[in-house]
> 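Structure provided below as C-alpha cells; questions to follow.
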2 protein chains.
Amino acid sequence: MNDVYRALSDPTRRKILELLKVREKSAGELADHFDMSKPAMSKHFTVLKSADLVYSRREGNQIYYGLNLSVLQEALMGLMQAFDLGKSGSKDSENS
Amino acid sequence: MNDVYRALSDPTRRKILELLKVREKSAGELADHFDMSKPAMSKHFTVLKSADLVYSRREGNQIYYGLNLSVLQEALMGLMQAFDLGKSGSKDSENS
DNA sequence: TAACTATTTAACTAAATGGTTAATTAGTCA
DNA sequence: TGACTAATTAACCATTTAGTTAAATAGTTA
C-alpha cells in the first residue's frame with residue numbers, strides 16, 4: 001500500500017491514471033499526452049504497475065494499460081479513514 | 001497542492017499527521033514516536049509545513065505543531081473527485 | 001551572565017527519482 | 001527472412017530525498 005502513495009505523488013503518474021479512468025490506452029497513446037520520452041513513460045508505467053494501480057495487456061504490437069480503480073479507491077479510502085474524513089467532507093457539504 | 005501529495009508519500013509524515021489528528025504536539029513529543037534523530041524529524045516538519053498540512057506555534061521553549069485538517073481534506077477530496085470516487089466507495093459498494 | 005533545554009540549521013552522505021539516448025525484445029507483414 | 005512498428009530494458013546522469021552528526025538559535029531560569 002505504501003507503493004501506492006509513492007506512485008500517486010508524481011503529477012505525471014496522476015495524469016496517466018486520470019487518462020486511464022476514461023478507458024484503456026496503449027503505451028503510445030498515453031505517451032502522446034506528455035512531453036517526455038517513451039522510456040521515461042515506460043518507467044512510470046512500471047511504477048504504477050508495481051503499485052498495482054494499473055494492469056497491462058498485450059494486444060498484437062501494442063501494450064494496453066488499464067486502471068485498477070479498486071486499488072486506487074482503497075488507498076484513498078484508507079487515508080480518509082485514517083483521518084476520520086469518511087463519507088462527508090466536501091467544502092460545501094453533502095447536497096444530495 | 002502538489003506539495004501536499006509529495007508530503008503524503010512518506011510513511012513517517014503520514015504517521016506524524018495521524019498523531020496530530022488527536023491533538024497538537026511539540027516537536028519533541030512527536031520525535032519520541034520515531035526511531036530517528038531530531039533533525040531528521042525537523043525536516044519532516046518543514047516538508048509538512050511547506051505543504052501547509054501543519055502549522056507551528058512556539059510556546060516558551062517548545063514548538064507545537066498542529067494539523068491543518070482542511071488542507072488534508074481538500075487534497076484527498078481533490079483526488080477522489082479527479083477519479084469520480086466521491087461519496088460512495090466502500091469495497092462492496094452500491095451496485096445499481 | 002551563565003547554564004540548561006528544545007529545536008532548527010548547516011554540512012555532508014547514500015540511495016532513490018526522474019529524465020536522457022542507445023540497444024534490445026516482441027510482434028506484424030510483405 | 002527481412003523490414004518495420006511498438007515498447008521495454010540498459011546504461012548513464014543530475015537532482016532530490018531522507019538520514020546522519022555537529023553547530024547555531026531561541027527561550028528559560030538560577
Side-chain angles (χ1 to χ4, degrees), chain A residues 1-20 22-68 72 75 79, chain B residues 1-20 22-68 72 75 79:
Chain A
M1 187 97 323
N2 217 331
D3 290 344
V4 175
Y5 299 125
R6 199 186 71 75
L8 288 174
S9 71
D10 182 86
T12 297
R13 288 191 291 265
R14 289 197 302 275
K15 184 81 178 296
I16 291 170
L17 293 177
E18 288 188 46
L19 290 168
L20 293 180
V22 181
R23 59 170 172 75
E24 282 187 344
K25 287 189 176 59
S26 70
E29 278 182 284
L30 287 169
D32 287 344
H33 288 82
F34 299 85
D35 184 23
M36 194 182 296
S37 71
K38 301 290 181 71
M41 292 299 297
S42 197
K43 283 214 245 175
H44 283 302
F45 302 152
T46 299
V47 172
L48 290 170
K49 261 206 310 194
S50 67
D52 200 33
L53 282 164
V54 305
Y55 60 86
S56 70
R57 166 174 72 74
R58 180 177 278 277
E59 191 173 309
N61 233 356
Q62 286 144 285
I63 294 184
Y64 278 85
Y65 286 95
L67 181 63
N68 283 334
L72 179 59
L79 273 189
Chain B
M1 186 97 324
N2 216 331
D3 290 344
V4 175
Y5 299 126
R6 198 186 72 75
L8 289 173
S9 71
D10 182 87
T12 297
R13 287 191 292 265
R14 287 197 302 275
K15 185 82 177 295
I16 291 171
L17 293 177
E18 287 187 48
L19 289 168
L20 293 180
V22 181
R23 59 170 173 75
E24 283 186 344
K25 287 189 174 61
S26 71
E29 279 182 282
L30 286 169
D32 287 345
H33 288 83
F34 300 86
D35 184 23
M36 193 181 297
S37 71
K38 302 288 183 72
M41 291 300 296
S42 196
K43 284 215 246 174
H44 283 303
F45 301 152
T46 298
V47 172
L48 290 170
K49 259 205 312 195
S50 67
D52 200 34
L53 281 164
V54 306
Y55 60 86
S56 70
R57 169 173 70 75
R58 179 177 278 277
E59 193 173 307
N61 234 356
Q62 319 181 94
I63 294 184
Y64 278 85
Y65 287 95
L67 182 61
N68 283 335
L72 180 58
L79 273 189

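Throughout, protein chains are lettered first and strands after them, A, B, ... in sequence-line order, and every chain is numbered starting at 1.
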> At a cut-off of 3.5 Å, list every protein nitrogen or oxygen paired with a nitrogen or oxygen from nucleotides 14-21 of chain C, distance to 0.1 Å.
{"from": "C:dT17", "atom 1": "OP1", "to": "A:R6", "atom 2": "NE", "distance (Å)": "3.1"}
{"from": "C:dT17", "atom 1": "OP1", "to": "A:R6", "atom 2": "NH1", "distance (Å)": "3.0"}
{"from": "C:dG18", "atom 1": "OP1", "to": "A:D10", "atom 2": "OD1", "distance (Å)": "3.3"}
{"from": "C:dG18", "atom 1": "OP2", "to": "A:R13", "atom 2": "NH1", "distance (Å)": "3.0"}
{"from": "C:dG18", "atom 1": "OP2", "to": "A:R13", "atom 2": "NH2", "distance (Å)": "3.3"}
{"from": "C:dG19", "atom 1": "OP2", "to": "A:H44", "atom 2": "NE2", "distance (Å)": "2.4"}
{"from": "C:dG19", "atom 1": "N7", "to": "A:K43", "atom 2": "NZ", "distance (Å)": "3.1"}
{"from": "C:dG19", "atom 1": "O6", "to": "A:K43", "atom 2": "NZ", "distance (Å)": "2.4"}
{"from": "C:dT20", "atom 1": "OP2", "to": "A:S37", "atom 2": "N", "distance (Å)": "3.0"}
{"from": "C:dT20", "atom 1": "OP2", "to": "A:S37", "atom 2": "OG", "distance (Å)": "2.5"}

> Check whether any side-chain N or O of A:K25 sits under 3.5 Å from a backbone N or O of A:L19 as a donor-acceptor pair, and report yes or no.
yes
> From CZ of B:F45 over to P of C:dT7, roughly how many Å is that when rounded to an integer?
8 Å
> Say whether, by atom type as modelled, one donor and one acceptor occur between the side chain of A:R13 and the main chain of A:A7 under 3.5 angstrom.
yes
> How long is the line joining CG of A:N61 and P of D:dA6, in whole Å?
6 Å
> Can you tell me the distance, in whole Å, between the CD atom of B:Q62 and the C1' atom of C:dT8?
14 Å
> Expressed as a whole number of angstroms, how long is the span from B:I16:CD1 to C:dT7:C1'?
14 Å
> Is the distance between the ring centroids of A:Y65 and A:Y55 under 6.0 Å?
no
> Taking A:E29 for the side chain and A:S26 for the main chain, is one N or O donor matched with an acceptor at less than 3.5 Å?
yes
> For B:P11, check side chain to side chain contact (heavy atoms under 4.5 Å, CB included) against everything at least two apart and list the hits.
A:N2, B:R14
> When the distance from NZ of B:K15 to P of D:dA18 is rounded to whole Å, what number comes out?
17 Å
> Answer yes or no: does a side-chain N or O of B:Y65 lie under 4.0 Å from OP1 or OP2 of C:dA6?
no
> Starting at atom CG of B:L8, determine the distance to atom C1' of D:dT17, rounded to an integer number of angstrom.
16 Å
> What's the OH-C1' distance between A:Y64 and D:dT5, to the nearest Å?
13 Å
> What is the separation between atom CZ on A:R57 and atom P on D:dT8, rounded to the nearest whole Å?
14 Å
> B:S26 or A:E59: which one's nearest nucleotide on DNA chain C is closer to the 5' end?
B:S26
> Got a donor-acceptor contact below 3.5 angstrom from the A:R57 side chain to the A:E59 backbone?
no
